[in-house]
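What follows is a set of notes on a single structure, which appears directly below.
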Amino acid sequence: MNSAKKNIENILNTDRFMFRIGELSQMTGVSARQLRYWEKKGYIQSEAREDGQRARVYSFKSFVKVSLIKEFLDQGFTLPAAVDKMTEQGKRMSELHQLYHNAYHGLGFYEDQLWVNMGYFDDEKTKILLAHVGDDDDVHYRVMPEEEVAEKLEKIGPETLPGPPMP
DNA sequence: CTTCTGACA
DNA sequence: TGTCAGGA
């Protein structure tokens, strides 16, 4: 596996990101005191620590949640209201993610272009729909037999996207 | 050095 | 919410 492919997979794989409370605090501008309080209230949660450690560990999803709450707080909403807004926006993000997840089946190079594998084009599942953004900023499509894709498309990214940013 | 819980001049 | 104590 080449390094470019590894890099892309690492960037996309948010599931493995883990932050300690001090890190999350600096990243979001929310104090550690607030993070602990929000957790006690059930607004956010830290990962269960199975390694016997007492220090909290937060996932990328928690980072997204905290960022959203912080945003709404800065807009003047009360904490409970900000949490509600965060939950609502999280649902929209999940719906969008489902769309991306269904449309994305990998990345690859072909004819000096970066293509997105968008999955089967036909119900018989013999042809693949590919798309790329041209220099004109327009999206161009191409339908190609699955076997041809397998031999001509130089894969560089993961086959699937990581889990949704919100539970 | 960082994090944790409990408490409050 | 901030901050300090007293441990882990």
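Chain A is the first sequence line, chain B the second, and so forth, proteins listed ahead of strands; every chain is numbered from 1. Computed from a prediction, not measured in an experiment: that's the story for all the values here.
Here B:dG6 presents its P atom at 13 Å from CD of A:Glu39, a figure rounded to the nearest Å. Rounding to whole angstrom units, CG of residue A:Leu35 and P of C:dT3 are separated by 15 Å. What separates CZ of A:Arg54 from P of B:dC4 is a distance of 10 Å, to the nearest Å. The distance between atom OH of A:Tyr37 and atom P of B:dC8, rounded to the nearest whole Å, is 18 Å. Look at OH on A:Tyr43: it is 10 Å from P on C:dT1, rounded to the nearest Å. If you take NZ of A:Lys40 and P of B:dT3, they are 18 Å apart, rounded to a whole angstrom. One atom, CG of A:Leu24, and another, P of B:dC4, lie 11 Å apart when rounded to the nearest Å.
The aromatic rings of A:Phe72 and A:Phe77 sit perpendicular to each other, their planes meeting at more than 60°, with 30° as the lower class boundary.
Regarding contacts with the backbone of B:dT5, a side-chain N or O of A:Arg56 is found under 4.0 angstrom from either OP1 or OP2.
If you check B:dA9 for Watson-Crick or wobble pairing at under 3.5 angstrom, you find it has no partner at all. Base pairing of C:dA8 is made with B:dT2, judged by Watson-Crick or G-U wobble geometry with both donor-acceptor distances under 3.5 Å.
Nucleic acid contact for A:Arg36: base, since at least one base atom lies under 4.0 Å from a heavy atom of the residue.
Mapping A:Ala55 and A:Arg33 onto DNA chain B via the closest heavy atom, the residue that lands nearer the 5' end is A:Ala55.
Across A:Glu111, A:His132, A:Gln113, a single residue satisfies side-chain hydrogen bond (donor to acceptor under 3.5 Å, both in side chains) together with A:Arg142, and that is A:Glu111.
We find the CZ-CD1 distance between A:Arg36 and A:Ile21 to be 4.0 Å, quoted to the nearest 0.5 Å.
A salt bridge between A:Glu95 and A:Lys91 is absent, with no side-chain N of the basic residue lying under 4.0 Å from a carboxylate O of the acidic one.
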